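Below is one structure, written out as structure tokens; comments come after it.
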There are 2 protein chains.
Amino acid sequence: MLSHKTKYALKALLYLAQQEEGHIARTIEIAEGANIPKKFLEQILLELKRGHFVSSKQGKLGGYYLIKSKNTITLADIHRLFDGAIALLPCASLNFYEPCSDCTTESECSLRHGLLTIRDETLKAMQGITIGTLIKN
Amino acid sequence: MLSHKTKYALKALLYLAQQEEGHIARTIEIAEGANIPKKFLEQILLELKRGHFVSSKQGKLGGYYLIKSKNTITLADIHRLFDGAIALLPCASLNFYEPCSDCTTESECSLRHGLLTIRDETLKAMQGITIGTLIKN
DNA sequence: CATTAACTCTACTAATTATATAGAATTAAT
DNA sequence: ATTAATTCTATATAATTAGTAGAGTTAATG
């Protein structure tokens with residue numbers, strides 16, 4: 001399941017992607033438009049900024065705006081930024097790999113191979129969903 | 001990601017599936033064989049029993065054994081028993097459906113449609129992995 | 001029928017993570 | 001100087017996860 005943070009991030013990106021070109025949206029505007037707690041959204045927008053999905057203008061008349069095309073921001077990207085690995089175990093992860101502490105005695109984790117399959121399929125599906133496709137439906 | 005509980009459940013089932021026909025495995029035996037904290041495993045085995053994946057024999061010489069074919073126990077089944085929904089949001093779930101509290105104002109949740117696609121693909125993949133296929137690799 | 005060794009059940013604890021909230025600092029427009 | 005926005009760090013609270021404790025129940029065995 002997605003954390004609220006990831007869900008809110010997606011909704012914030014959807015909001016931004018639906019504004020007209022050049023519009024700078026204030027946090028409070030996004031919060032009210034997408035029904036997200038404002039102070040929580042502040043943190044989320046900062047993380048989206050550090051992740052290079054949005055940028056901001058400071059000071060009065062400041063706010064946030066997309067800096068990537070809505071068709072290139074995938075569900076996989078946002079999941080990884082906020083919820084981390086897409087794989088079901090760290091040992092099956094591409095971007096967040098860690099060996100299992102409880103599998104060292106076996107030659108290899110008995111679950112890993114099957115979970116690699118799942119990861120590949122899920123990742124492919126998640127890379128097929130973008131902010132753009134979410135808006136279209 | 002899978003919780004430890006789900007991971008341990010899978011490892012316990014793998015252990016049981018690899019015993020010879022008719023063998024009854026004690027909790028301590030499974031715990032040591034699969035490197036799972038024993039008291040935690042007790043709870044997990046009880047849940048697997050309530051889920052009708054295993055059965056038990058009580059008293060001295062008692063223990064646990066599989067009551068479903070290893071090829072019919074899927075990753076999706078075990079995920080649902082311990083970690084719940086496979087979908088990324090409750091509103092996109094088949095078995096754990098709940099409406100989103102923060103989407104009531106919109107005609108429908110803007111994320112739901114895309115997440116239904118993900119759920120379908122992930123579910124199909126997870127139904128393709130069984131205890132049997134995990135043993136084979 | 002007492003002993004032993006197993007599962008069963010409920011409650012509890014500890015640690016971690018998720019979900020925020022508070023408030024001061026910084027930035028920039030007017 | 002004022003106003004209104006982002007930025008940053010710390011804190012608070014709640015929920016979940018992970019694991020432990022211990023008493024109760026069941027059944028084999030001598």
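This one's a predicted model, so the numbers in the text were calculated from it and none came from an experiment. So that the names make sense, note that chain A is the first sequence line, chain B the second, and so on, each numbered from 1.
Between the NZ atom of A/Lys7 and the P atom of C/dA18 there is a distance of 15 Å, given to the nearest Å. A straight line from CD of B/Glu29 to C1' of C/dC7 spans 14 Å, rounded to a whole angstrom. As rounded to whole Å, 19 Å separates atom P of D/dT25 from atom NZ of B/Lys57. In this structure, OH of B/Tyr65 is placed 17 Å from P of C/dA6, rounded to the nearest angstrom. Taking atom CD1 of residue A/Ile28 and atom P of nucleotide C/dT21, one finds them 12 Å apart after rounding to whole Å. Residue A/Gln43 contributes atom CD, which lies 10 Å from atom P of C/dT21 at whole-angstrom precision. Between the P atom of D/dA4 and the CD atom of A/Glu42 lies a distance of 16 Å, rounded to the nearest Å. For B/Leu45 and C/dC7, the CG to P distance is 8 Å, given to the nearest whole Å.
Side chain B/Lys5 to base D/dG19: no donor-acceptor pair is found below 3.5 Å. Counting distance only, with no hydrogens placed and no angle test, the side-chain atoms of B/Lys38 and the base atoms of D/dG19 include no donor-acceptor pair under 3.5 Å.
Distance from the side chain of B/Ser56 is smallest to C/dT8 among C/dA5, D/dT20, C/dT8. Taking only side-chain atoms of A/Lys39, from C-beta outward, the nucleotide of C/dG23, C/dA20, D/dA27 with the closest atom is C/dG23. With distances taken from any side-chain atom of B/Lys60 to the nucleotides C/dA28, C/dT8, C/dT4, the minimum falls on C/dT4. Among C/dC7, D/dT7, D/dA18, the nucleotide with an atom closest to any side-chain atom of A/Gln58 is D/dT7.
When the side-chain nitrogen and oxygen atoms of A/Arg26 are compared with OP1 and OP2 of D/dT3, none of them lie within a distance under 4.0 Å. Regarding contacts with the backbone of C/dA18, every side-chain N or O of A/Ser3 stays at 4.0 angstrom or more from both OP1 and OP2. OP1 or OP2 of D/dC8 sits under 4.0 Å from a side-chain N or O of A/Arg50.
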### Task
Might you work through the salt bridge (charged side-chain N to carboxylate O under 4.0 Å, His left out) test for B/Glu32 and B/Lys38, ending with a clear yes or no?
CA-CA 8 Å; B/Glu32 288 171 357; B/Lys38 193 217 167 203; over 6 Å; no

### Message
Working note: A/Ile78 + A/Leu48, criterion side-chain contact (heavy atoms from CB on, under 4.5 Å); need CA distance, chi angles, decisive distance, verdict.
### Response
CA-CA 9 Å; A/Ile78 305 306; A/Leu48 283 170; 4.2 Å; yes

### Message
Is there a salt bridge (charged side-chain N to carboxylate O under 4.0 Å, His left out) between B/Lys39 and B/Glu42? Walk through the geometry before answering.
### Response
CA-CA 5 Å; B/Lys39 284 300 257 179; B/Glu42 282 182 10; 3.4 Å; yes

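Across all non-hydrogen atoms, the minimal contact from A/Ser93 to A/Arg119 is C-NH1, 3.9 Å.
Using modelled atom types, one finds no donor on one side chain facing an acceptor on the other under 3.5 Å when comparing B/Tyr65 with B/Gln19.
Nearest-nucleotide positions on DNA chain D for B/Pro37 and B/Asp83 put B/Asp83 closer to the 5' end. Between A/His4 and A/Gly59, the residue anchored closer to the 5' end of DNA chain C is A/His4, taking for each the nucleotide with the nearest heavy atom.
If you check every strand for non-hydrogen atoms under 4.0 Å, B/Tyr8 touches sugar and phosphate atoms only. As judged by a 4.0 angstrom heavy-atom cut-off over every strand, A/Lys49 is placed among residues touching the sugar-phosphate backbone only. Contact annotation for A/Gly62: backbone-only contact, meaning every heavy-atom pair under 4.0 Å involves sugar-phosphate atoms and none involves a base.
Considering OG of A/Ser55 and CD1 of A/Ile24, their distance stands at 9.0 Å, rounded to 0.5 Å.
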